[in-house]
Each structure stands twice: as structure tokens, then as C-alpha cells.
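Working notes for the structure below.
The structure displayed is predicted, hence computed values, not measured ones. Throughout, protein chains are lettered first and strands after them, A, B, ... in sequence-line order, and every chain is numbered starting at 1.
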Protein chains: 2
Amino acid sequence: MFSKACEYGIKATIYIATNSYEKKRVSLKEIAKEIDSPVAFTAKILQDLVRHQIINSVQGAYGGFEIEKHKIPTIKLAQIVNAIDGDKIYSGCGLGLHTCDEEHPCPVHDKFKIVRTELKDMLENTNLEELALDIKSGTSFLKI
Amino acid sequence: MFSKACEYGIKATIYIATNSYEKKRVSLKEIAKEIDSPVAFTAKILQDLVRHQIINSVQGAYGGFEIEKHKIPTIKLAQIVNAIDGDKIYSGCGLGLHTCDEEHPCPVHDKFKIVRTELKDMLENTNLEELALDIKSGTSFLKI
DNA sequence: TTTAAATAAGATAATATTATCCGAAATAAA
DNA sequence: TTTATTTCGGATAATATTATCTTATTTAAA
């Protein structure tokens, strides 16, 4: 569904958020360990998220990644996915047609539209806060 | 959502079906032209579909691909997708966790389950006949 | 000011996916 | 039986994705 980069990006952002509630800045190494991802590859993804202004980075000793506390409830899952994978998951034709709309639909256009709209709504209505709070409370998990 | 191979496979199967209603066997070249796909790559995918007994092939002059007419309404979209991409789209964890279930859910487990179940139901309840008939009637399209 | 720790950035490598090429095998028709 | 046409199967190539490595830059603390 999502690329590996996007999976890592979502998990990393959630992990950073859980720590940002306690104003704790987390390092790349710690993130990669906690979400069980390759360190250097994760670094690239985090840089991407910084450029997209979803997370903040602080260079140098005692640096790391963080998210402004007040921003956590406003960040939607859709923004993270969009920053890394673009919007191809819920836009574009399910069968790869260049033109696919009501006038010129692919064979699965209508059926796909329902599923994809639901996916899009889900991503746009899920915010980082609820995901982070579930991790903090031990209701959900970032690895294994 | 689907791999390129799967997109080509779905479109090819639909095109073969539309012709099989008229007992017309179609060649690889014709299929690739009609669904706008790379010929040699399409050949590999068709071989895969033959091995999975979704389509039939006849070698030699005047050969080509066909589907037994009575089989067309029984073939589900899910079978085609499964033959080419496996079941990873609607099984497995959305964030790539090795273990992800009600006891040990990933942060998006519940939200994903809804979307994925809908996708799975759609694929399992869509049969080749309805897709092929829409192409025959000009209601939907396989290229552009 | 020096040092240690950390992210940034560019180059490179490994793997998976997509795509092509070519010879072998099959088959119907001439 | 020969030929033309077609799928089959293996090898190879191109591209995208995933992953690593190395060096530069930043920054707080000693």
C-alpha cells in the first residue's frame, strides 16, 4: 500500500511526537532503534519530513528531531503520506490509464473510487495526536 | 496501489474475455496494442496467468489467448490480483510490522482494517463478466 | 577554542520491479 | 514436410526503490 520509506516516515513521526509531549528531542539513532528501521535510510526520510516542515531538526551536539507540541493535533496522516509518497495512492487511475474520469472511466473506476475515497478520508481525518497517544498509553506499537 | 504487472494483467484478462464471448482467440501483440502495454513484459504476465489457470493459451500459428466462456462470470478480480501481486494489499500490516493484530496492533491497525476489508470485499465481489461487458458496451475503456 | 555529538548532503551499492531480446517449442496451413 | 506464426523460457538490461558509506556542517559543553 505505502512504500517502505512512507512506513518508516509515519512510524518515525509518531515516535518523535510521543517524545515531544515531554519536550524530549530524539536522535536519529534512537528513532531507528525504536521503529526498527535502517539508520541511514531513515535519515533521508527524516530530512524529507524536515523539508516538508512536518518535523523540526536541530543539528549539533544534543540535537535531534522534535515537533512543536501545539502542532501535533494539526498534523494529519495524509500530510506525512503526501510528503513521502505523493498523492498517487488516492488520486490517479487504479489501472494506470492516463485519462480516467466519469466520461472516460477505466473498468474499475467506480468500484475503486469508493475504496480510495474512504482511504483518503481516513488519512485526512487521522491526526498525529491520536496515533501518538495510543503509543504512549501502550494501546498500539511501533515495532515487532 | 497495484503493481504495473498487475494493472497490465487485469486489463489483458478483461480484453481476452471480451473476445472470448465471440470465441475469438487473441494474440499477445493484439493484447499489448489494445491495452497499451510493453509486449514482452505483457508476455511474462500472461504466462503467469496461464500458470494460475485464469486464462488459456494455445501455441503455434493461429494460437493466442482465450478464456472458456462459462468461466468468465466465475473469475473474480481478487484471483487476478492474487495471481500477480499476492495478497499483500489486503493482508499484512499497513506499517510493515511483522506482528500486527488485535493484541499487538500498529498505530493505524483499526483504521486500516476498515479500508482494507472494503478493498478485499470489492475485489472478491467483482467478477470478470461485469468488467468485460462494460468494455464491450463502450461504458468503460482499457487505454488512454 | 577545541572536542564530541549530532544532522545534512552527496556518492555509491544492493535489491526489486519493469522491460527487452533471443532462441526453442508448438502448431496450423500451404 | 516445409514454412510462417505464435507462445514459452531463459538471459539480459534499464529503472526505481531501498539501503549504506563517507565527508561536511552545526552546535553545545568542556
Side-chain angles (χ1 to χ4, degrees), chain A residues 1-13 15-16 19 23-67 81 83-86 88-89 95-96, chain B residues 1-13 15-16 19 23-67 81 83-86 88-89 95-96:
Chain A
M1 192 84 109
F2 297 138
S3 69
K4 233 66 183 83
C6 194
E7 289 179 7
Y8 298 150
I10 293 169
K11 288 187 280 192
T13 305
Y15 183 69
I16 296 166
N19 284 280
K23 280 226 167 282
K24 210 187 138 212
R25 199 177 281 164
V26 286
S27 73
L28 165 63
K29 251 163 73 182
E30 181 181 341
I31 295 168
K33 193 185 160 202
E34 291 303 321
I35 71 172
D36 196 22
S37 66
V39 179
F41 189 40
T42 305
K44 297 294 182 197
I45 299 159
L46 292 175
Q47 282 171 35
D48 206 10
L49 291 170
V50 169
R51 275 190 291 273
H52 279 86
Q53 306 182 329
I54 290 167
I55 62 178
N56 294 116
S57 71
V58 178
Q59 289 191 55
Y62 292 78
F65 298 89
E66 61 193 6
I67 302 173
V81 172
I84 301 170
D85 278 352
K88 63 185 171 189
I89 324 168
L95 295 185
Chain B
M1 192 83 109
F2 297 139
S3 68
K4 234 64 183 86
C6 194
E7 288 178 8
Y8 297 150
I10 293 169
K11 288 187 280 191
T13 305
Y15 182 71
I16 296 166
N19 283 279
K23 279 228 166 281
K24 209 188 138 213
R25 199 177 282 163
V26 286
S27 75
L28 166 63
K29 251 163 72 182
E30 180 180 342
I31 295 167
K33 192 184 161 203
E34 293 303 321
I35 70 172
D36 196 22
S37 66
V39 178
F41 189 40
T42 305
K44 298 295 183 197
I45 298 159
L46 292 175
Q47 282 170 37
D48 206 10
L49 292 170
V50 169
R51 275 190 292 273
H52 278 87
Q53 306 184 328
I54 290 166
I55 63 178
N56 293 117
S57 70
V58 177
Q59 289 191 54
Y62 294 79
F65 298 88
E66 61 193 6
I67 302 173
V81 173
I84 301 170
D85 278 352
K88 63 184 173 192
I89 323 169
L95 295 185

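Against DNA chain C, the stretch residues 48-62 of chain A makes heavy-atom approaches under 4.0 Å through A:Arg51, A:Ser57, A:Val58, A:Gln59, A:Gly60, A:Ala61. Of the residues in residues 29-40 of chain B, those placing a heavy atom less than 4.0 Å from an atom of DNA chain C are B:Pro38, B:Ala40, in numerical order.
Toward the 5' end of DNA chain C, the nearer of the two residues A:Lys44 and A:Ser27, judged by each one's closest nucleotide, is A:Ser27.
Separating the OG atom in B:Ser37 from the CG atom in B:Leu46 is a distance of 8.0 Å, to the nearest 0.5 Å. Taking CE from A:Met1 and CD1 from A:Ile89, the interatomic distance works out to 7.5 Å, rounded to the nearest 0.5 Å.
Between B:Ile45 atom CD1 and D:dG9 atom C1' the separation is 16 Å, expressed in whole Å. Distance, A:Leu28 CG to D:dT26 P: 19 Å, rounded to whole Å. A:Phe41 places its CZ atom 15 Å from the P atom of D:dC21, with the value rounded to the nearest Å. Regarding B:Arg25, its CZ atom lies at a distance of 12 Å from the C1' atom of D:dT7, rounded to whole Å.
At least one side-chain heavy atom of A:Pro38 sits less than 4.5 Å from a side-chain heavy atom of A:Tyr8.
Extent of DNA chain C lying under 4.0 Å from chain B heavy atoms, first and last nucleotide in 5' to 3' order, is C:dT18 to C:dA29.
Partner A:Ile16 forms a side-chain contact (heavy atoms from CB on, under 4.5 Å) with one of A:Ile31, A:Ile54, A:Ile35, A:Leu49 and no other, that one being A:Ile31. Only one option out of A:Ile84, A:Ile55, A:Ile45 pairs with A:Thr13 in a side-chain contact (heavy atoms from CB on, under 4.5 Å); it is A:Ile55.
Fit an axis to the five pairs at each end of the helix from C:dT1-D:dA30 to C:dA30-D:dT1 and the two axes sit 10° apart, to the nearest 10 degrees.
Pairs passing the side-chain hydrogen bond (donor to acceptor under 3.5 Å, both in side chains) check and including a residue from residues 54-66 of chain B, sequence neighbours excluded, read B:Arg25-B:Glu66.
Salt bridge present: A:Lys24 and A:Glu30 bring a charged side-chain N and a carboxylate O closer than 4.0 Å. Taking 4.0 Å as the cut-off between side-chain N and carboxylate O, B:Glu7 and B:Lys4 count as a salt-bridged pair.
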**Item:** Full working for side chain to side chain contact (heavy atoms under 4.5 Å, CB included) between B:Arg51 and B:Gln47
**Value:** CA-CA 6 Å; B:Arg51 275 190 292 273; B:Gln47 282 170 37; 4.1 Å; yes
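Checked against ring pair (Phe, Tyr, Trp, His ring centres under 6.0 Å), A:Phe65 has no partners two or more places apart in sequence or in another chain.
No side-chain donor-acceptor contact under 3.5 Å links A:Asp48 to the backbone of A:Lys44. With A:Lys11 contributing its side chain and B:Leu95 its backbone, the two residues share a donor-acceptor pair below 3.5 Å.
Considering all non-hydrogen atoms of both residues, B:Val39 and B:Ala32 come closest at CG2-CB, 3.8 Å.
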